[in-house]
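This report refers to the structure that appears directly beneath it.
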Amino acid sequence: MNKIRTRFAPSPTGFLHVGSLRTALFAWLMAKQNNGDFILRIEDTDKSREVEGSIEHIIKSLKALGLNYNEGPDIKGPYGPYRQSDRLDIYKEWAMKLVDKGRAYSEIYSEEELQNFRNEAKQSKEPFLYRNFRPKKLNGYKEGQALRFKSEPKEYLYNDLIYGDLKTPKEAIDDFIILKSDGYPTYNFAHIIDDYLMKITHIIRSSEFLASVPKFLNLYEALEIDPPKMATAPAVLGPDGKKKLSKRDNAKDILEYLNEGYLKDALISFMATLGWNDGTRQEIFSVDQLIQKFSINKVQRSPANFDEKRLLYINGYLIRNLDLDELQVLSKSFWPKEAQNYQESYQRKVLALIQERLKYLGEIEALSLFFFKELDVNKNLIKDNNKLREFTNEQIIKMLEASLEVLLESDFEVDDLQLKLNDLLQKLNQKPAILFSLIRIATTQSPSSPGLFETLNLLGKDRSLNRIKQQISALNN
RNA sequence: GGCCCCUUCGUCUAGUGGUCCAGGACACCGGGUUCUCAGUCCGGUAAUCGCGGGUUCGAAUCCCGCAGGGGUCACCA
């Protein structure tokens, strides 16, 4: 049995989004679970669409997600080169085989003429087929002219790993360009040669290619190549469910998610379950579980909407379940800059308090800033609090002064803070929602925080008392 | 327009003739957790399974038709 080899073959036209990466993930999982190889191939046959820096960006994205490939443009391998623009001679050689066999011919029409043919067909509501306009005699290959494949129309019955058995009519088959006039191959031609030479066993690609498969099958036959197994994944639709996720409208660069503090495991679990599940009630999968459980034929045939809320949920869930050690490692680049003045052990304590509140790591800064930085008093916080705004300034100040007095005598251990502040509650005959909110605002300049006692404990006695004093003096002015 | 594909709660989905007047998760709503936010626990709203015909004792599940959506028909991939 041959080793399973799958590939991801993006063209360098920009960044990678969830939709394209999902296809890569499926291919990667398939390779991994069969101990096979996963190959990265860059399909840069359209120079005009190429975006500077894309290849590096694509590689960075794959690596960031852990979708490591065994062969690729930057690491080489036995079947390289892995960039199509470096393989031009190979395509030419294979194209000539077709010419020699009488299965390819040079384009004889100008662009305008072709456009006219299409327009006429459109007007008469007939499908336009190049094969009806072939040159009478095959004319060989002419440098500087496009080379077109001479098809042999027929019906096909083939199997798609996701869509099942598919039947296509003759009309789906037509002549098409395999080499452009600039000497570069088209996707339609190059990918077939490359997959063959690179010994790809399974092609996983998205559904915009489904309609072209019969043409590919025809070409495989002419080339006398056995086609690999094919799996067509449905498109991922944007949140509105109307059109597919695309760079143009709504899709976000995967690296952007990573930069905002989405975990790679969250992105992977999310992408995998966008159109796939294992038939059980499990909703979130680790990478290892996916490698074990994923199966291409359980992938949904209908397109799935991209729902960022579900991604956010998965991310929060995984963050909560992280070891504090792991979380601390992952958090490194997300601290407010003032945090660098504090020891890692202190950062760790902060992290422990905010961990279960984090939905993505980018929230660390906002949730932790007051632990590291002295903030100006914001009087609006009291006004904005439904309950506190009922009190007069004098009453507020009195409460703060009473708190100050009590806290002065505390050793600031959590238990003691709890005890003393609960006593104060009774003495003032006040509700926790009022007194504790007030102390929270004074000490954090924030409407919410982790538990008050834990927060005060971590802030320490000096800072807590000073902040309350500062709040009082601000209110006195 | 031709050809092809798709259609279960708002969203991701389970479901392959009976245990489904449809289950789970996200989202949303309500309640508990004797402080806020988050979390967590409990509960709730939500799909007559696109529509219409069949087949069958019985259909989300099989068949036919229709509709809607999507893809494709490039010297783009």
Does any nucleotide pair with [N] by Watson-Crick or G-U wobble geometry, both distances under 3.5 Å, and what is it?
| N | result |
| --- | --- |
| B:rC73 | B:rG1 |
| B:rC51 | B:rG65 |
| B:rC37 | none |

**Prompt:** Which nucleotides of nucleotides 68-77 of chain B have their base under 4.0 Å from a protein heavy atom (B), which only their sugar-phosphate (S), and which neither (-), written as one string 5' to 3'?
**Reply:** --SSS-SBBB
**Prompt:** Among residues 349-366 of chain A, which residues get a heavy atom nearer than 4.0 Å to RNA chain B?
**Reply:** A:E356, A:R357, A:K359
**Asked** Just checking A:L452: base, sugar-phosphate only, or nothing, at a heavy-atom cut-off of under 4.0 Å?
**Response**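 It contacts base atoms.
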**Request:** Looking at every strand, decide which applies to A:P450 at a 4.0 Å heavy-atom threshold: base, sugar-phosphate, or nothing.
**Result:**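 Base contact.
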**Item:** Given B:rC37, B:rU40, B:rC6, the nucleotide with the shortest approach to the side chain of A:S448
**Value:**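 Among the listed nucleotides, the one closest to the side chain of A:S448 is B:rC37.
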**Request:** Give a yes or no on whether the ring-centroid distance for A:Y82 and A:Y69 is below 6.0 angstrom.
**Result:** no
**Asked** For the rings on A:F26 and A:W276, is their centre-to-centre separation under 6.0 Å?
**Response**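 Not under 6.0 Å, so no.
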**Request:** State whether the number of non-hydrogen atoms from other residues, nucleotides or ligands found under 6.0 Å of A:E152 atom CD is greater than 12.
**Result:** no
**Message:** List the residues meeting salt bridge (charged side-chain N to carboxylate O under 4.0 Å, His left out) with A:E208, not counting sequence neighbours, and say none if there are none.
**Reply:** A:K244
**Distance test, side-chain N/O of A:R440 to OP1/OP2 of B:rU36, below 4.0 Å** = no
